[in-house]
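Structure, as structure tokens:
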Amino acid sequence: MGVSDPECDNISGRTFVAAAIKNLFSENTLLPDLVVHRGLNPVNEYKNPDLIPGTYPTLFPFGIGGFEDNSRPVSISFQQQAQYYLNIADRSFRYHHSFMFVVLNMIQRRTAHLKTSFMVRHSHFHHIARNLTQISPAILDSLATKLEHEHKFSDLAPAEKNALNLLKQVNTIAARIPGSQASKIYVRNEIRSYFSYFGLPHLFFTFNPSPAHSPIFQVMYGDSTVDLSQRFPQLVSARERAIRLAHDPVAAADFYEFSFESCFEYLLGWNFQTRSSSPSGGLFGRVRAFYGSSE
């Protein structure tokens, strides 16, 4: 990651003078005229509006528009602003080769950091909570290092053995982290709760629309030559459609959401605004409830 300072507000006057003096040297000097400032300390990811604009100066040429900026009159969350950048008319953000992945990685790390908790039995809560607060961070760091290098249990110090025994009685809960094993267990428990309240489901189906072969996706991608009024619109080659799908995954996600909502609204008669079945219902009558998960 790099940091950009377009206004040069964080550069002292002496640095400017030193740069001017260096420019007086011969052109054969080995020192460059432009020096990128760097350091060994990691940059804080929280409440740092200069981080993303400094990392992607081509996307933020004026150095403004960063995340979690307290100077805004209305605050906006990190995830909401990321979704906004991926859905604006300027598609530079969604077409960038790494912006989407870096932002998603930051969101996942924040979720793992802020939404992970411990769960213990009620009968052991006070005992374990009191002993956990007495363990120093140095002991936990030493224990983690030894476990990483697969040391034997007999090699651990008494304090490290005590910490390990306490952690064995604690379950890590990370149900809100997408894709984690705990989130899958959370989804299964939700499905079982649907069974107990609504009864067993009457219909199971897999919904898998293909954006690469869909004329609707080509329009979402930006192809204005596709005529959706025709029964069989003329499309580009299969290779070009595959390239478009890889080039714009945001449009593919929008296509999937559009297809899913259209299927449930026009075929099954579900009203997403009222979150209930329409009065006329759909192909199988009125839908009382449904549950779906995406891979």
Side-chain angles (χ1 to χ4, degrees), residues 1-3 10 37-56 66-72 75-83 98-193 196 293-295:
M1 291 187 178
V3 178
N10 299 324
H37 296 269
R38 58 191 183 275
L40 300 178
N41 297 326
V43 179
N44 183 24
E45 293 185 3
Y46 293 88
K47 306 295 182 181
N48 186 0
D50 297 329
L51 175 60
I52 300 299
T55 307
Y56 298 101
F67 291 69
E68 299 177 320
D69 192 349
N70 295 328
S71 63
R72 292 193 180 97
S75 61
I76 181 173
S77 67
F78 190 96
Q79 186 170 353
Q80 288 176 334
Q81 187 168 352
Q83 292 176 348
S98 66
F99 173 80
M100 183 188 310
F101 301 101
V102 170
V103 170
L104 176 61
N105 184 264
M106 294 176 65
I107 293 175
Q108 289 181 328
R109 287 203 304 270
R110 286 166 177 248
T111 306
H113 181 204
L114 302 176
K115 304 299 182 181
T116 303
S117 57
F118 287 146
M119 183 179 69
V120 298
R121 293 183 178 273
H122 184 269
S123 57
H124 300 160
F125 176 77
H126 295 287
H127 167 71
I128 294 178
R130 182 175 60 255
N131 292 337
L132 278 177
T133 55
Q134 296 176 355
I135 300 176
S136 64
I139 295 177
L140 293 177
D141 183 63
S142 176
L143 175 61
T145 303
K146 291 183 179 180
L147 292 178
E148 183 180 2
H149 292 85
E150 299 182 358
H151 283 243
K152 297 181 180 179
F153 183 80
S154 57
D155 297 337
L156 302 179
E160 296 171 345
K161 292 181 180 180
N162 182 35
L164 183 60
N165 291 329
L166 285 175
L167 293 177
K168 288 181 179 179
Q169 305 179 50
V170 173
N171 292 326
T172 303
I173 303 300
R176 296 190 179 184
I177 302 178
S180 64
Q181 183 64 24
S183 67
K184 297 177 183 178
I185 297 176
Y186 182 81
V187 168
R188 293 176 190 147
N189 293 335
E190 272 195 334
I191 295 176
R192 294 190 183 100
S193 67
S196 62
S293 61
S294 59
E295 296 182 355

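Predicted model, so just to flag it, every value in this text is computed and none were measured.
Here the OG1 atom belonging to T55 is positioned 10.0 Å from the CZ atom belonging to F99, to the nearest 0.5 angstrom. Interatomic distance, Y56 OH to L51 CG, rounded to the nearest 0.5 Å: 9.5 Å. One finds the OH atom of Y46 at 8.5 Å from the CE atom of M106 (value rounded to the nearest 0.5 Å). The line from CG of N189 to NZ of K184 is 14.5 Å long, rounded to the nearest 0.5 Å. With rounding to the nearest 0.5 angstrom, the CD atom of Q83 is 7.5 Å from the OG atom of S77. Atom-to-atom distance recorded for I139:CD1 and K161:NZ is 14.0 Å, nearest 0.5 angstrom.
Counting all heavy atoms, side chain and backbone alike, E45 lies closest to E68 at O-OE1, 4.0 Å. Pairing each heavy atom of P53 with each of G66, the nearest pair is CG-CA, 3.6 Å. Across every non-hydrogen atom of F67 and Q81, the tightest pair is CA-OE1, 3.5 Å.
Between the side chain of S142 and the backbone N or O of A138, no donor-acceptor pair lies under 3.5 Å. Distance alone, capped at 3.5 Å, is enough to place a donor-acceptor pair between the S196 side chain and the S193 backbone.
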